[in-house]
Amino acid sequence: MKRRSLLAGLAAMLAGGCSKLAQSGTGTSLLGAVEGWNRSLHEVLGRRTALAREFSPADISPFFRGNGSTEVAGKAYRVHVASQFVGWRLAVTGLVEYPLTLSLAQLKDLPQRTQITRHDCVEGWSAIGQWTGPQLSTLLDLVRLKPEARYLVFHCADTLDGAPYYESIDLIDALHPQTIIAHALNGQPLPVRNGAPLRLRVERQLGYKQAKYLTGIEAVASLDLIRGGKGGYWEDRSGYQWYAGT
Ligand SMILES: Nc1nc2c(c(=O)[nH]1)N[C@H]1C(S)=C(S)[C@@H](COP(=O)(O)O)O[C@H]1N2
Ligand SMILES: [Mo]
């Protein structure tokens, strides 16, 4: 049943009196529809909040290849690499009550999560790696999302073919326990090819969502006005789905 007709039905129910309606045939099917709608909502939420499979240390790939950008062009980034990213900052901005700029050291001081997961790239390769970093939900607790916030946009330092890489996720994935801002791979600082010093891990989704070289996280109400409007670098350019999960 469509949501609108469901709402119309509910309005009729309120106007006509529930008990009277419930005794009639319409009432019974209406209540059935409400139940069905609730059930499918729960199913979707259940699927979206389920954990991605986690692996054991023995499963870790000996080499985690780099793909897409494998470094950031320009002198500024080389200076960051040489200084172990002491001057790198992650800005959390947009529809938040308390915008925040964090250093790598501050991110490492937050409670950390470590997870061994499989990364699947649509180009046809996979790798298993162990990622460590604060949960994105911890950062969101600090900045407090405004009620209008519906998506988080991840801004990256690199460009591909002259355009900045970026990605976005909704709040279900933002609050998912396995969504972390990773600064370490297999117990070591992130290698440059894998997005040093910070990358997103949103484990229920495909490789292109795992934004590397993070400089900013922006809370927005809509993706329409962000760059190409489709929510990500590849989404804007090719047929890649914005929601790249199961
Ligand atoms: N900033 C940025 N993030 C990115 C990309 C990129 O080119 N730039 N490529 C994406 C793609 S397609 C994949 S498969 C993964 C690759 O991650 P890896 O380099 O650690 O293997 O990063 C994703 N995140
Ligand atoms: Mo990819």
Side-chain angles (χ1 to χ4, degrees), residues 52-55 59-74 76-78 80-81 85 88-92 104 107 113-133 136 151-170 173-174 176 178-218 223 226-228 230-246:
R53 178 171 171 199
E54 294 196 15
F55 295 78
D59 300 317
I60 291 173
S61 304
F63 179 72
F64 202 112
R65 60 172 282 187
N67 199 50
S69 295
T70 49
E71 65 177 327
V72 179
Y77 185 76
R78 286 199 302 277
H80 280 300
V81 174
F85 299 96
W88 194 272
R89 295 292 180 270
L90 179 73
V92 191
L104 206 50
L107 284 161
R113 189 176 205 281
T114 291
Q115 58 204 27
I116 302 175
T117 54
R118 196 184 67 210
H119 174 111
D120 297 311
C121 172
V122 287
E123 289 167 34
W125 59 274
S126 298
I128 293 176
Q130 182 199 59
W131 306 99
T132 302
L136 179 55
Y151 302 97
L152 294 173
V153 179
F154 297 83
H155 298 286
C156 305
D158 62 314
T159 57
L160 275 181
D161 280 334
Y165 200 90
Y166 80 103
E167 259 304 336
S168 62
I169 60 176
D170 65 16
D173 270 330
H176 189 286
Q178 287 169 321
T179 300
I180 66 174
I181 304 302
H183 55 75
L185 170 61
N186 301 334
Q188 300 296 318
L190 275 192
V192 165
R193 67 171 182 278
N194 302 112
L198 295 170
R199 82 173 308 165
L200 172 65
R201 292 303 308 175
V202 48
E203 302 292 0
R204 301 287 316 284
Q205 297 205 49
L206 291 171
Y208 60 89
K209 301 296 289 189
Q210 322 296 327
K212 306 193 280 188
Y213 314 111
L214 291 181
T215 55
I217 302 175
E218 183 187 359
L223 298 171
I226 309 292
R227 305 202 185 281
K230 297 217 173 78
Y233 178 89
W234 287 114
E235 291 88 326
D236 283 343
R237 272 161 195 77
S238 61
Y240 286 25
Q241 296 291 311
W242 173 75
Y243 185 71
T246 46

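Indexing begins at 1, ligand by ligand and atom by atom, following the structure's order. Sequential numbering from 1 along the given sequence is applied to the chain's residues.
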K.L.:
Of the choices Tyr165, Trp125, Phe64, which has the non-hydrogen atom that lies closest to atom 2 (C) of ligand 1?
P.N.:
Tyr165
K.L.:
Report, in ascending order of atom number, the atoms of ligand 1 lying under 4.0 Å from any heavy atom of Cys121.
P.N.:
14 (S)
K.L.:
Check Thr159, Val72, Asp158 against Tyr165 for a side-chain contact (heavy atoms from CB on, under 4.5 Å) and give me the one that passes.
P.N.:
Asp158
K.L.:
Heavy-atom contacts with Asp158 under 4.0 Å: which atoms of ligand 1 show up? List them by number with element.
P.N.:
1 (N), 2 (C), 6 (C), 7 (O), 8 (N)
K.L.:
If you measure every N or O of Glu123 against every N or O of ligand 1, does any of those distances drop under 3.5 Å?
P.N.:
no
K.L.:
So which heavy atom in the protein is nearest atom 21 (O) of ligand 1, and how far is it from that ligand atom?
P.N.:
Arg65 O, 2.6 Å
K.L.:
When you measure from atom 13 (C) of ligand 1 to every protein heavy atom, which one gives the shortest distance, and what is it?
P.N.:
Gly207 O, 3.5 Å
K.L.:
Gly68 heavy atoms, cut-off 4.0 Å: which ligand 1 atoms fall inside?
P.N.:
7 (O)
K.L.:
Identify the closest protein heavy atom to atom 7 (O) of ligand 1: which residue and atom is it, and at what distance?
P.N.:
Ser69 N, 2.8 Å
K.L.:
Using a 4.0 Å cut-off to any heavy atom of Asn67, which atoms of ligand 1 qualify?
P.N.:
9 (N), 12 (S), 14 (S), 16 (C), 18 (P), 19 (O), 21 (O)
K.L.:
Within the 4.0 Å heavy-atom shell around Leu160, which atoms of ligand 1 are there?
P.N.:
7 (O)
K.L.:
Determine, for Lys209 against Glu235, whether the closest basic-nitrogen to carboxylate-oxygen distance falls under 4.0 angstrom.
P.N.:
yes
K.L.:
Is it possible for you to check whether Arg237 lies under 6.0 Å from the centre of the six-membered ring of Tyr233, through NZ or CZ, and within 45° of that ring's axis?
P.N.:
yes
K.L.:
Hey, are Tyr243 and Asp170 close enough side-chain-wise for a donor-acceptor pair under 3.5 Å?
P.N.:
no
K.L.:
Assign the ring pair Trp125 / His119 to parallel, tilted or perpendicular, where the plane angle (0 to 90°) is split at 30° and 60°.
P.N.:
parallel
K.L.:
Does the Ser168 side chain pair with the main chain of Gly231, one donor and one acceptor, at a distance under 3.5 Å?
P.N.:
yes
K.L.:
Taking a cutoff of less than 4.0 Å between a non-hydrogen atom of the residue and any ligand atom, is Ala211 in contact with ligand 1?
P.N.:
yes
K.L.:
Short N/O distance, under 3.5 Å, between Asn194 and ligand 1?
P.N.:
yes
K.L.:
Just one of Arg199, Gln210, His183, Arg113 clears the side-chain contact (heavy atoms from CB on, under 4.5 Å) bar with Trp131, so which one?
P.N.:
Arg199
K.L.:
Tell me which protein heavy atom sits closest to atom 24 (N) of ligand 1, plus the residue, atom name and distance to 0.1 Å.
P.N.:
Gln210 O, 3.0 Å
K.L.:
Does Phe154 offer a backbone N or O that forms a donor-acceptor pair with the side chain of Glu167 under 3.5 Å?
P.N.:
no
K.L.:
Checking the N or O distance criterion of under 3.5 Å, is ligand 1 in contact with Trp234?
P.N.:
no
K.L.:
Could you identify the single nearest non-hydrogen protein atom to atom 19 (O) of ligand 1 and state the distance to 0.1 Å?
P.N.:
Lys212 NZ, 2.5 Å
K.L.:
If you compare all heavy atoms of Asn194 against all heavy atoms of Arg65, which two are closest, and at what distance to 0.1 Å?
P.N.:
ND2-O, 3.2 Å
K.L.:
Would Arg118 and Arg53 satisfy side chain to side chain contact (heavy atoms under 4.5 Å, CB included), going step by step from the backbone distance to the final call?
P.N.:
CA-CA 8 Å; Arg118 196 184 67 210; Arg53 178 171 171 199; 5.6 Å; no
K.L.:
Nearest heavy atom to atom 20 (O) of ligand 1: which of Arg193, His155, Arg199, His119 does it belong to?
P.N.:
Arg199
K.L.:
Would you say Trp88's side chain and Tyr213's backbone share a donor-acceptor pair under 3.5 angstrom?
P.N.:
no
K.L.:
Can you sort out which atoms of ligand 1 are near Cys156, meaning under 4.0 Å from one of its heavy atoms?
P.N.:
1 (N)
